[in-house]
Amino acid sequence: MRVQPNEAVYLKMMTKKPGMGFGVEETELDLSYSSRYKKAWEGGYIVKDTRLPDAYERLFLEVFMGSQINFVRTDELDHAWRIFTPLLEKLEKVSPTKYKFGSRGPPEADDLMRKNGFVFTGTYKWNPPKL
């Protein structure tokens, strides 16, 4: 899942091949906003290019319009901090393991999977969207 820039939801999965057989293949679900929402439709006609707002641009508009739909109440925020502060304090002591961008992850992840009986047999390779 990518948030900014180039928003996208991307998922690879194993699916049954069409037909009467029982074979499976790796397929992907790719919702890259920049390619999916290139044009705006109105009454069945393309009227103009769609401009996707930046991360906080929509929130600023909500503030100016007086809408609170994308904001939490004060009591909800207080409870969230009460719940998550202990977790955040523990996370401050953890250093993330570095790994190559676009790879499946660090070798330690494979070790953890093997330790728990999972064997990766897929052909995963991330291909960045062409913008």
Side-chain angles (χ1 to χ4, degrees):
M1 184 176 280
R2 280 192 317 266
V3 179
Q4 283 260 329
N6 306 322
E7 301 88 340
V9 176
Y10 184 80
L11 177 69
K12 280 204 174 201
M13 64 193 106
M14 298 302 289
T15 57
K16 181 189 168 298
K17 291 181 182 178
M20 299 300 288
F22 296 102
V24 295
E25 65 184 349
E26 189 174 81
T27 57
E28 56 191 49
L29 169 68
D30 185 357
L31 172 57
S32 297
Y33 278 50
S34 59
S35 60
R36 171 63 176 90
Y37 297 108
K38 283 183 182 176
K39 302 288 183 182
W41 292 84
E42 187 175 292
Y45 298 97
I46 298 174
V47 291
K48 62 179 178 174
D49 287 341
T50 302
R51 190 180 83 62
L52 298 173
D54 289 334
Y56 290 98
E57 189 174 353
R58 184 72 195 179
L59 289 177
F60 287 143
L61 178 61
E62 298 285 335
V63 169
F64 294 144
M65 300 294 289
S67 172
Q68 297 179 2
I69 196 164
N70 289 314
F71 299 92
V72 297
R73 293 187 331 254
T74 304
D75 61 330
E76 184 179 355
L77 187 59
D78 290 341
H79 285 294
W81 278 114
R82 183 181 53 78
I83 293 167
F84 286 103
T85 297
L87 174 64
L88 293 171
E89 288 170 350
K90 287 184 180 181
L91 283 175
E92 286 177 351
K93 299 172 187 167
V94 176
S95 300
T97 304
K98 295 182 180 182
Y99 58 92
K100 184 180 173 194
F101 175 79
S103 71
R104 289 187 36 246
E108 292 87 347
D110 290 330
D111 296 340
L112 181 63
M113 289 189 302
R114 275 191 291 282
K115 178 181 164 187
N116 289 287
F118 179 82
V119 179
F120 178 77
T121 58
T123 57
Y124 174 78
K125 182 175 183 332
W126 181 68
N127 297 311
K130 294 169 183 66
L131 304 174

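Note that this is a predicted model, so its numbers are computed, not measured. Values reported hereafter were calculated over all heavy atoms of this structure, with side chains retained and with hydrogens, waters and symmetry mates removed. In what follows, residues are counted from 1 in the order of the sequence shown.
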Check: Should the heavy atoms of other residues, nucleotides or ligands under 6.0 Å from CD of Gln68 be counted, would the total exceed 12?
Finding: no
Note to self: Run Glu28 and Leu11 through side-chain contact (heavy atoms from CB on, under 4.5 Å) and show every step you take.
What the structure shows: CA-CA 6 Å; Glu28 56 191 49; Leu11 177 69; over 6 Å; no
Check: Is there a path from Val63 to Met65 through hydrophobic residues (I, L, V, M, F, W, Y) whose side chains come within less than 4.5 Å of each other?
Finding: no
Checklist line | Any residue meeting side-chain contact (heavy atoms from CB on, under 4.5 Å) with Val24, in chain and number order, not counting sequence neighbours | finding: Met14
Check: Got more than 12 heavy atoms from elsewhere within 6.0 Å of CZ, Phe71?
Finding: yes
Item checked: Contacts of Phe64 that satisfy side-chain contact (heavy atoms from CB on, under 4.5 Å) - sequence neighbours left out -> Phe60
Name the atoms and distances for all side-chain donor-acceptor pairs under 3.5 Å in residues 89-100, with sequence neighbours left out.
none

Check: Taking atom CZ of Arg82 and atom CZ of Phe84, what is their separation to the nearest 0.5 Å?
Finding: 10.5 Å
Notebook entry, point to check: Which value, rounded to the nearest 0.5 Å, describes the distance between Asp78 atom CG and Arg73 atom CZ?
Noted result: 11.0 Å
Notebook entry, point to check: Do Leu88 and Val72 share a hydrophobic cluster (ILVMFWY, side-chain heavy atoms under 4.5 Å, transitive)?
Noted result: yes
